[in-house]
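Below is one structure, written out as structure tokens, with a few remarks after it.
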Amino acid sequence: MRKSKSDERIRALADLITGDIIADIGSDHAYLPIWLYLNKKIKKAYAADISPNCVNRIRENLKKYNISEEEIIPVLSDGFGFFDGKSEEFGEITDIVIAGMGGETIAEILASYPCVKGGVNFILQPNRKADKLREFLLEENFEIIGDIITESKKRRYNIINARLKF
């Protein structure tokens, strides 16, 4: 999972990371946090997923790459449900990645965001209905600061980089 073996979608997401502590919501296998950690781009990550099977896969992948669950923390959670909104840990997050699901689902997850600090970098990659996600972002005081399209394994991906306006 070193740089040369990552796919273009993972690299495009990784290139938008601005800080060293991320939350990957809907992490699935934790490929992005693992890649970032192995390449010394981050110090810590929360790899959250709603599926117990996915959280088990995250743990298996962490063992495979000899990464501690203190560096990449597997979390069984629906969206931001694992933070109470006042958590000191949540305040340390610099980047939030929500990738690989529909635009409406990403919007629903963002609607529950417990905004505890400004300046968080959002990296959003809808698989469909990107227009619905854009509408939500504009209505909910987000600023779209970047918008890229990348191709990986003969499929195109739209990645939206956003921040809350304060």
Could you list the residues that satisfy side-chain contact (heavy atoms from CB on, under 4.5 Å) with K132, not counting sequence neighbours? E104, K129, E135
Across all chains, not counting sequence neighbours, the side chain to side chain donor-acceptor pair (under 3.5 Å) partners of R163 are none
Any chance you could lay out the side-chain contact (heavy atoms from CB on, under 4.5 Å) test for I25 and I109, step after step, and finish with the verdict? CA-CA 9 Å; I25 308 298; I109 292 169; 4.0 Å; yes
D95 and I42, any side-chain heavy atoms less than 4.5 Å apart: no
Set of residues satisfying side-chain contact (heavy atoms from CB on, under 4.5 Å) with respect to I148, sequence neighbours excluded: A12, L16, I159
So CD1 of I144 and CG of L138: to nearest 0.5 Å the spacing works out to 5.0 Å
Determine, using the 4.5 Å side-chain heavy-atom cutoff (strictly less than), whether F142 and I93 are members of one ILVMFWY cluster. yes
Applying side chain to side chain donor-acceptor pair (under 3.5 Å), can you list everything that pairs with E108, at least two apart in sequence or on another chain? none
Restricting to non-hydrogen atoms, name the atom on H29 and the atom on I34 that form the minimum distance, rounded to 0.1 Å. O-CD1, 4.1 Å
If you measure from the Lys or Arg side-chain nitrogens to the Asp or Glu carboxylate oxygens, is any gap between R9 and E151 under 4.0 Å? no
So how far is it from I50 CD1 to S27 OG, rounded to the nearest 0.5 Å? 14.0 Å
Roughly how far, to the nearest 0.5 Å, is CG of L110 from CG of L137? 6.5 Å
CG (N121) and OG1 (T18) are apart, to the nearest 0.5 Å, by 4.0 Å
If you compare all heavy atoms of V55 against all heavy atoms of P74, which two are closest, and at what distance to 0.1 Å? CG1-CB, 4.0 Å
Which residues share a side chain to side chain donor-acceptor pair (under 3.5 Å) with Y37, sequence neighbours left out: E71
For D20, the salt bridge (Lys or Arg N to Asp or Glu O under 4.0 Å) test, sequence neighbours excluded, returns K43
Which atom of G103 lies closest to which atom of L133, heavy atoms considered: O-CB, 3.8 Å
Distance from E8 atom CD to L13 atom CG, nearest 0.5 Å? 11.0 Å
Contacts of type ring pair (Phe, Tyr, Trp, His ring centres under 6.0 Å), residue F136, not counting sequence neighbours: none
Apply side-chain contact (heavy atoms from CB on, under 4.5 Å) to D28 and list each qualifying residue two or more places apart in sequence or on a separate chain. D49, C54, R57
Looking at A130 and P126, what are the two nearest heavy atoms and their distance? CB-CG, 3.7 Å
Test of understanding: with salt bridge (Lys or Arg N to Asp or Glu O under 4.0 Å), list the residues that count as partners of K63, not counting sequence neighbours. none
Is the shortest side-chain heavy-atom distance between Y31 and N61 below 4.5 Å? yes
Can you list every side-chain hydrogen bond (donor to acceptor under 3.5 Å, both in side chains) pair that touches residues 140-149, not counting sequence neighbours? R134-D147, D147-N158
Please test L62 against E69 for side-chain contact (heavy atoms from CB on, under 4.5 Å), starting from the C-alpha separation and ending with a verdict. CA-CA 7 Å; L62 294 178; E69 288 189 22; 3.9 Å; yes
Give a yes or no on whether N66 atom CG has more than 12 heavy-atom contacts from other residues, nucleotides or ligands under 6.0 Å away. no
Least distance between heavy atoms, A14 atom then L36 atom: CB-CD2, 3.6 Å
Hey, quick one: are L76 and V97 part of the same hydrophobic cluster, counting side-chain heavy atoms closer than 4.5 Å, chains of contacts allowed? no
Linking I/L/V/M/F/W/Y whenever any side-chain heavy atoms sit under 4.5 Å apart, do I10 and I67 land together? yes
Checking N127 now: which residues fulfil side-chain contact (heavy atoms from CB on, under 4.5 Å) with it, not counting sequence neighbours? Q125, R155, Y157
Check whether I72 and Y65 end up in the same hydrophobic cluster, where Ile, Leu, Val, Met, Phe, Trp and Tyr are linked by side-chain heavy atoms less than 4.5 Å apart. yes
Once rounded to the nearest 0.5 Å, what's the spacing between atom NZ of K44 and atom CD1 of I21? 6.0 Å
According to side chain to side chain donor-acceptor pair (under 3.5 Å), who are the partners of R128, at least two apart in sequence or on a separate chain? none
Under the 3.5 angstrom rule, does the side chain of N161 hit a backbone N or O of F122 as a donor-acceptor pair? yes
